[in-house]
Amino acid sequence: MVRPDWDTYFLEIANVVKSRSTCIRRQVGAIIVKDHRIIATGYNGAASGAPHCETVGCLREKLGIRSGERHELCVAIHAEQNAIVQAAKYGVSIDGATLYCTNQPCAICAKMLVNAGIGRIVFNGAYPDKFAEKILKEGNIEICEV
């Protein structure tokens, strides 16, 4: 029997989490792990109680906005943000934890992850946001693309 290494194991779980996404443009899953234990999960989609994009359509798509631009014109919250919010809602510290994500975080998420104390990010999908990479490096977050 061959067991996957920890990064592979947790990225596979993040891929399952993304299956809950309601975004019609890009499905993203994220999990926050500390001491090899999952402490929070998140996927991108509309705020709780709000209509999902798969039902009402995508404003960004209607306006022709390219990926990586004008994040404020989206009703969805990003997977990374949802994971951070879930940890906060249930009073779980994520200081020093690792984020596993199916895509590289955007600049908005990068700022939140730095301030939340995430120590390491492992992802397997590039995202067109060089500014986010700069923020993460300046925030001393270890970044691993698998």
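Fair warning: this is a prediction, and the values are worked out from it, not measured in the lab.
- Here the shortest heavy-atom pairing between Ala110 and Pro105 reads N-CB, 4.4 Å.
- Distance check, rounded to the nearest 0.5 Å: SG of Cys23 to NE2 of His78 gives 8.0 Å.
- Every residue two or more places apart in sequence or in another chain was checked for a salt bridge (Lys or Arg N to Asp or Glu O under 4.0 Å) with Lys62, and none qualifies.
- To the nearest 0.5 angstrom, Arg26 atom CZ is 9.5 Å from Lys18 atom NZ.
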Exercise answer: donor-acceptor pairs, residues 86-97 side-chain atoms, under 3.5 Å, sequence neighbours excluded:
{"residue": "Gln86", "atom": "OE1", "partner": "Thr41", "partner atom": "N", "Å": "2.7"}
{"residue": "Ser93", "atom": "OG", "partner": "Asp95", "partner atom": "N", "Å": "3.3"}

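- Taking the six-membered ring for Trp and thresholds of 30 and 60 degrees, His36 and Trp6 have nearly parallel ring planes, at less than 30 degrees apart.
- With rounding to the nearest 0.5 Å, the separation of CD in Glu61 from CZ in Arg25 is 5.5 Å.
- Follow the hydrophobic side-chain contacts under 4.5 Å out from Val146 and you reach Ile38 in the same cluster.
- Here the shortest heavy-atom pairing between Val17 and Gly42 reads CG1-O, 3.3 Å.
- Side-chain N/O atoms of Tyr43 and Asn82 include no donor and acceptor closer than 3.5 Å.
- Side-chain contact check for Gln81 versus Met112: some heavy-atom pair is nearer than 4.5 Å.
- Atom CG of Asp5 is surrounded by more than 12 heavy atoms from other residues, nucleotides or ligands within 6.0 Å.
- In this structure, the side chains of Cys109 and Ile84 stay at 4.5 Å or more apart for every pair of heavy atoms.
- Just one residue in the list Ile143, Thr98, Val33 forms a side chain to side chain contact (heavy atoms under 4.5 Å, CB included) with Val122, and that residue is Thr98.
- The CD atom of Glu133 lies 11.0 Å from the CD1 atom of Ile121; values are rounded to the nearest 0.5 Å.
- Shown here for Thr22 and Ala46, the closest heavy-atom pair between the two residues is OG1-N, 3.8 Å.
- Rounded to the nearest 0.5 Å, atoms CD1 (Ile108) and CG (Leu113) are 12.0 Å apart.
- Using a 4.5 Å heavy-atom cutoff, the side chains of Asn124 and Tyr100 are not in contact.
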Inset, instruction - For the pair Glu80 and Leu99, evaluate side-chain contact (heavy atoms from CB on, under 4.5 Å) and give the outcome as yes or no after the intermediate values. - result: CA-CA 8 Å; Glu80 304 92 324; Leu99 173 87; 3.8 Å; yes
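- Between Cys58 and Ile24, some side-chain heavy-atom pair lies under the 4.5 Å cut-off.
- Side-chain contact between Ile118 and Ile32: present, with at least one pair of heavy atoms (C-beta onward) separated by less than 4.5 Å.
- Scored by the side-chain hydrogen bond (donor to acceptor under 3.5 Å, both in side chains) test, Asn44 finds Ser21 as partners (sequence neighbours excluded).
- When the salt bridge (Lys or Arg N to Asp or Glu O under 4.0 Å) test is applied to Glu142, the partners found at least two apart in sequence or on another chain are Arg120.
- Looking at every heavy atom in both residues, Cys101 comes nearest to Ala30 through SG-CB, 4.1 Å.
- The side-chain hydrogen bond (donor to acceptor under 3.5 Å, both in side chains) check on Lys137 picks up nothing, with sequence neighbours excluded.
- Hydrophobic clustering places Phe131 together with Leu136 (ILVMFWY residues linked when any side-chain heavy atoms are closer than 4.5 Å, directly or through intermediates).
- Residues Val114 and Ile141 form a side-chain contact, since some pair of their non-hydrogen atoms from C-beta on lies under 4.5 Å apart.
- Partners of Arg66 under the side-chain hydrogen bond (donor to acceptor under 3.5 Å, both in side chains) rule, at least two apart in sequence or in another chain, are Glu69.
- Taking both residues in full, the closest heavy atoms of Ile31 and Phe10 are given as CD1-O, 3.4 Å, listed atom of the first, atom of the second, then distance.
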Inset, instruction - Tell me, with the steps shown, if Asn103 and Phe123 meet side-chain contact (heavy atoms from CB on, under 4.5 Å). - result: CA-CA 5 Å; Asn103 283 89; Phe123 68 94; 6.0 Å; no
